[in-house]
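To start, the structure itself, in structure tokens.
Atoms considered below: every heavy atom in the structure, side chains included; atoms not considered: hydrogens, waters and symmetry mates. Below, read A as the first sequence line, B as the second, and so on, with proteins coming before strands; counting in each chain starts at 1.
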2 protein chains.
Amino acid sequence: MSLKIALLGILDLAPMTGYDLKKSIEASVAHFWSADQSQIYRTLAALVSDGLADVEVIPQEGRPDRREHHITSAGRTALGDWLRAPLEPETSHDAFLMRLFFVGTLGVPATRALLRARRGQATAMLAALRSVAEQEQAHREPDDRAPDDLGRRLRFATLRNGILHAEAELAWLVETKEALG
Amino acid sequence: MSLKIALLGILDLAPMTGYDLKKSIEASVAHFWSADQSQIYRTLAALVSDGLADVEVIPQEGRPDRREHHITSAGRTALGDWLRAPLEPETSHDAFLMRLFFVGTLGVPATRALLRARRGQATAMLAALRSVAEQEQAHREPDDRAPDDLGRRLRFATLRNGILHAEAELAWLVETKEALG
DNA sequence: TGTTTATATTGGATCACACCTATATAGGTT
DNA sequence: AACCTATATAGGTGTGATCCAATATAAACA
């Protein structure tokens with residue numbers, strides 16, 4: 001469901017091929033969503049068969065034709081409806097916490113190893129997010145008087161969300177290591 | 001994969017039926033994992049066919065026989081291997097951030113509504129986790145001299161993880177609301 | 001008396017997604 | 001000469017999960 005939102009949301013900004021969408025996702029929403037290339041094409045086909053997008057075929061030579069997908073007005077309506085729909089109750093599935101919950105039987109050293117690995121992950125994540133956030137900031141010229149538009153602020157907010165959670169994870173790791181004595 | 005770990009991890013504590021496992025999951029790991037009842041039975045069947053668990057049928061009257069599942073030694077080995085395996089790189093899929101990323105086109109009021117809904121969710125989550133954590137604490141009698149064993153600390157740590165993340169989410173919401181001006 | 005809850009298992013349908021492969025060509029790299 | 005990357009699409013297969021429904025009985029509740 002969310003991948004449909006992602007595709008419609010991106011197509012709402014500009015018409016694109018599946019290939020473009022894949023790159024666009026990697027460049028913009030990768031920090032909270034990832035999508036397999038074949039899944040993108042299948043979902044895109046579903047959008048078309050639901051009338052939420054349509055295809056403009058642009059012939060090319062030497063490679064397959066560009067199948068440029070455009071959001072339809074039904075698609076814009078569906079996107080709006082999805083965005084306004086009540087938040088679904090979230091069912092978290094955290095494989096790391098699962099491990100931690102049961103790793104006790106293996107003893108303290110195995111537990112420490114797991115926490116160390118997690119710290120590595122969280123640190124890398126934090127660094128990656130910070131570097132993307134800095135680039136975002138840098139794109140805004142110092143003398144840029146353009147109104148800092150809502151979309152831009154929200155894109156930045158999703159990055160900040162990841163950063164704050166990564167920091168919380170690291171703080172929790174410190175606390176937890178201490179609790180192991 | 002993680003559901004297999006969960007089932008083996010719980011079966012390692014005590015033999016159980018699928019029905020028991022469902023309740024056990026709800027009572028112990030629900031804050032980071034949920035599982036559909038039919039999925040539990042199917043996964044349990046997979047464990048048996050892989051030789052990681054076996055079944056003791058205990059006849060009953062008036063209801064289906066108890067099919068009590070016991071972890072095998074191969075199961076204990078597999079559990080240990082899984083717990084020690086390198087952490088898989090996590091691909092986060094966050095539907096809320098997806099919405100937020102695209103909700104800008106609907107304007108500021110819709111954005112605020114989304115953030116409000118999220119605050120409600122996060123507040124409820126935090127309250128629920130805190131109450132479970134307090135119960136966990138209360139179970140430990142004030143004069144309890146028993147060593148605070150590793151498993152217990154780790155179960156508590158998974159709760160603390162949820163609490164810290166919920167707090168981070170609320171802090172992020174405050175920051176984000178301010179950024180909307 | 002009728003409904004709900006608890007116990008216990010199982011199957012079908014469907015969804016979302018990941019991993020791998022195939023196709024086709026141009027251009028650049030080793 | 002052999003390989004990799006970019007462009008562009010698409011199918012096969014498997015896994016994990018959700019939702020829904022059926023079966024069967026006893027006890028508790030309204």
Side-chain angles (χ1 to χ4, degrees), chain A residues 1-8 11 15-27 29-30 32-50 53-69 82 88-95 98, chain B residues 1-8 11 15-27 29-30 32-50 52-53 55-69 82 88-95 98:
Chain A
M1 195 87 284
S2 295
L3 182 55
K4 286 192 184 178
I5 302 187
L7 298 185
L8 283 179
L11 289 180
M16 264 179 224
T17 66
Y19 188 83
D20 295 334
L21 278 163
K22 171 69 175 151
K23 283 186 297 175
S24 182
I25 285 172
E26 272 161 15
V29 302
F32 59 82
W33 207 270
S34 64
D36 180 74
Q37 155 265 110
S38 68
Q39 188 62 18
I40 289 172
Y41 279 100
R42 275 190 258 256
T43 304
L44 212 37
L47 290 180
V48 172
S49 84
D50 289 350
D54 51 28
V55 186
E56 182 188 350
V57 178
I58 300 172
Q60 295 195 127
E61 282 156 40
R63 68 198 85 243
D65 295 345
R66 279 179 71 79
R67 294 173 49 77
E68 212 175 67
H69 290 71
W82 273 325
E88 58 270 17
E90 48 178 337
T91 58
S92 58
H93 281 187
D94 188 322
M98 178 74 86
Chain B
M1 197 83 288
S2 295
L3 182 55
K4 286 191 183 179
I5 302 186
L7 298 186
L8 283 179
L11 289 180
M16 263 179 226
T17 67
Y19 189 82
D20 297 334
L21 278 164
K22 171 70 174 151
K23 284 186 298 175
S24 183
I25 285 173
E26 272 161 15
V29 302
F32 59 81
W33 206 270
S34 64
D36 181 73
Q37 154 265 110
S38 68
Q39 186 62 14
I40 289 172
Y41 279 98
R42 275 189 256 259
T43 305
L44 212 37
L47 290 180
V48 171
S49 85
D50 288 350
L52 306 181
V55 186
E56 181 187 352
V57 179
I58 300 172
Q60 294 195 128
E61 281 157 40
R63 68 196 85 244
D65 294 345
R66 280 178 70 78
R67 295 172 50 77
E68 212 174 68
H69 290 71
W82 272 326
E88 58 268 21
E90 49 178 337
T91 59
S92 59
H93 281 188
D94 189 321
M98 177 74 85

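- Among the protein residues, T91(A) comes within range of no part of the nucleic acid, since none of its heavy atoms lies under 4.0 Å from any strand.
- Separation of atoms OG1 (T43(A)) and CG (L7(A)) is listed at 6.0 Å; rounding is to 0.5 Å.
- For Q37(B), whose side chain is taken as the heavy atoms from C-beta onward, the closest listed nucleotide among dA8(D), dT9(C), dG11(D) is dT9(C).
- Taking the side chain as every heavy atom from C-beta outward, L47(B) and H69(B) never approach each other to under 4.5 Å.
- Look at OH on Y19(A): it is 15 Å from P on dA10(D), rounded to the nearest Å.
- Between the OG1 atom of T17(A) and the OH atom of Y41(A) there is a distance of 5.5 Å, given to the nearest 0.5 Å.
- Going from atom CE of M16(B) over to atom P of dT9(C) covers 12 Å, rounded to whole Å.
- Here H93(B) reaches the OP1 or OP2 of dA18(C): one of its side-chain N or O atoms lies under 4.0 Å away.
- Here dA18(C) presents its P atom at 9 Å from NZ of K22(A), a figure rounded to the nearest Å.
- Side-chain contact between D20(A) and E68(A): absent, with no pair of heavy atoms (C-beta onward) separated by less than 4.5 Å.
- Distance from the side chain of R42(A) is smallest to dT13(D) among dG12(C), dT7(C), dT13(D).
- Straight-line distance from the CD1 atom of I25(B) to the P atom of dT18(D): 10 Å, rounded to whole Å.
- To the nearest angstrom, P of dA8(D) lies 6 Å from CG of D20(A).
- Annotation: the span from L11(B) atom CG to L52(B) atom CG amounts to 10.5 Å, rounded to 0.5 Å.
- When the nearest nucleotides of DNA chain D are assigned to H69(A) and K4(B) by heavy-atom distance, the more 5′-ward of the two goes with H69(A).
- Rounded to a whole Å, the CD1 atom of I40(A) is 13 Å from the P atom of dA10(D).
- Mapping S34(A) and G18(B) onto DNA chain C by nearest heavy atom places G18(B) closer to the 5' end of the strand.
- Taking the side chain of S38(B) as heavy atoms from C-beta on, and the options dT9(D), dC19(D), dA8(C), the nearest nucleotide is dC19(D).
- Comparing atom distances between the T17(B) side chain and each of dT10(C), dT9(D), dA8(C) picks out dA8(C) as nearest.
- Taking atom CZ of residue R66(A) and atom P of nucleotide dA10(D), one finds them 14 Å apart after rounding to whole Å.
- In this structure, I58(A) atom CD1 and dA8(D) atom C1' are separated by 12 Å, rounded to whole Å.
- DNA chain C is contacted by both D36(A) and D36(B); D36(B) maps to the nucleotide lying nearer its 5′ end (nearest heavy atom per residue).
- A sub-4.0 Å separation between OP1 or OP2 of dA17(D) and a side-chain N or O of S2(B) is absent.
- Picking from dC19(D), dA24(D), dA18(C) the nucleotide with the shortest atom distance to the side chain of P64(B) gives dA24(D).
- Ranking dC19(D), dT7(C), dC17(C) by closeness to the K23(B) side chain, first place goes to dT7(C).
- Here the side chain of Y41(A) is nearest to one of dA10(D), dC17(C), dG12(D), namely dA10(D).
- Counting heavy atoms from C-beta outward, M16(A) and S24(A) have side chains that approach closer than 4.5 Å.
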